[in-house]
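For reference, the structure is listed below as C-alpha cells.
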Amino acid sequence: MASVGPSAASTQPALPSGPAVFKTIPYAFILPEILCGTWVWILVAATSVSLPLLQGWVMYVSLTSCLISLLLLLSYILGFHMNSENWKVLDSLYHGTTAILYMSAAVLQANATINSEHDINGPLNYQLNSAASFFAFLTTFLYILHAFSIYYQ
C-alpha cells in the first residue's frame, strides 16, 4: 500500500494559542503594538490639544487600534481561531490597514509637534507631543512588521 504524503494543511504552520502567542514571531508583536499605541493616546491626551482635528484623528486611530488589537490578542490566547486559514488573512488585512492608518496619524502628530514648538504652554507640551510622535512612528513600524511577517509566513 502506498503511503500518503502529508496534507497541505499539515505543512502550514499552526496558529498559536495560549502562551505560545508571545513566543511566535508575527504574533509576538501584538503586545508591543498595544503598549506603544497606549502610550500614543495617553501622551496626546496629556497635551493641551492645539489642533483638535489633527490630534483627534491620532486619538481615534490609536485608541481604536489598541482596542481591536487587544481583542485580537485575547482571541489568539483563548484559541478562537481554531487554526483556520481565514484568521491569517484577517490578521494580515487588519495589520496592513492599521499600519496605513497609523502612518497617517504619525505624520499628523509630527505636524502637531512642529506647530506646538512655539506654543504658549511651554516646553512641556512640545516634549509630550514629541514623545507621542516617537511612539506613533514606533507603533507604525510594529504594525508594518507584523503585517509583512504574517504575509510572508
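Residue numbers run from 1 in the order of the sequence given.
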Reported OG1-to-OH distance for the pair Thr97 and Tyr102, which is rounded to 0.5 angstrom:
14.5 Å
Who are the side-chain hydrogen bond (donor to acceptor under 3.5 Å, both in side chains) partners of Ser69, not counting sequence neighbours?
Tyr94, Tyr143
Testing the basics here: between Ala147 and Gly96, what is the closest heavy-atom pair and its distance to 0.1 Å?
CB-N, 3.6 Å
Any side-chain heavy atom of His95 within less than 4.5 Å of one from Ile144?
no
Just jot down the side-chain hydrogen bond (donor to acceptor under 3.5 Å, both in side chains) partners of Trp57, sequence neighbours excluded, or say none.
Ser104
Quick check: is Ile100 connected to Val61 through a chain of hydrophobic side chains (ILVMFWY, heavy atoms under 4.5 Å apart)?
no
Membership question, hydrophobic clusters at under 4.5 Å side-chain separation (ILVMFWY): are Phe148 and Leu93 in the same one?
no
When you measure from the side chain of His146 to the backbone of Leu142, do you find a donor-acceptor pair of N or O atoms at a distance under 3.5 Å?
no
The reported gap from CG in Leu70 to CG in Leu74 (rounded to nearest 0.5 angstrom) is 4.5 Å
Would a hydrophobic clustering, with Ile, Leu, Val, Met, Phe, Trp and Tyr connected at side-chain separations under 4.5 Å, put Leu71 with Ile34?
no
What distance do Leu72 atom CG and Glu33 atom CD have between them, rounded to the nearest 0.5 Å?
9.0 Å
Leu124, Val40: one ILVMFWY side-chain cluster at the under-4.5 Å cut-off?
yes
Determine yes or no for a side-chain-to-main-chain donor-acceptor pair under 3.5 angstrom, with Ser92 supplying the side chain and Val89 the backbone.
no
Check side-chain hydrogen bond (donor to acceptor under 3.5 Å, both in side chains) between Ser65 and all other residues, then give those that pass, not counting sequence neighbours.
none
Phe137: partners by side chain to side chain contact (heavy atoms under 4.5 Å, CB included), with sequence neighbours left out:
Met103, Ala106, Val107, Ala110
One should read off an interatomic distance between Met59 CE and Thr64 OG1, to the nearest 0.5 angstrom, of 10.0 Å
Distance col, row Leu31:CG vs Leu35:CG, nearest 0.5 angstrom, shows 4.5 Å
Interatomic distance, Trp41 atom CH2 to Cys36 atom SG [nearest 0.5 angstrom]:
14.0 Å
Can you sort out the partners of Thr47 under side chain to side chain contact (heavy atoms under 4.5 Å, CB included), two or more places apart, ordered by chain and number?
Val49, Gln55, Asn125, Leu128, Asn129
Just wondering, do Asp91 and Tyr76 contact through their side chains at under 4.5 Å, heavy atoms?
yes
Return the set of residues passing side chain to side chain contact (heavy atoms under 4.5 Å, CB included) with Ser130 (not counting sequence neighbours), or none when no residue passes.
Thr113, Tyr126
With clusters defined by side-chain heavy atoms of hydrophobic residues (ILVMFWY) lying less than 4.5 Å apart, directly or transitively, does Ile114 cluster with Phe134?
no
Side-chain (Ser75) to main-chain (Phe80) donor-acceptor, under 3.5 angstrom
no
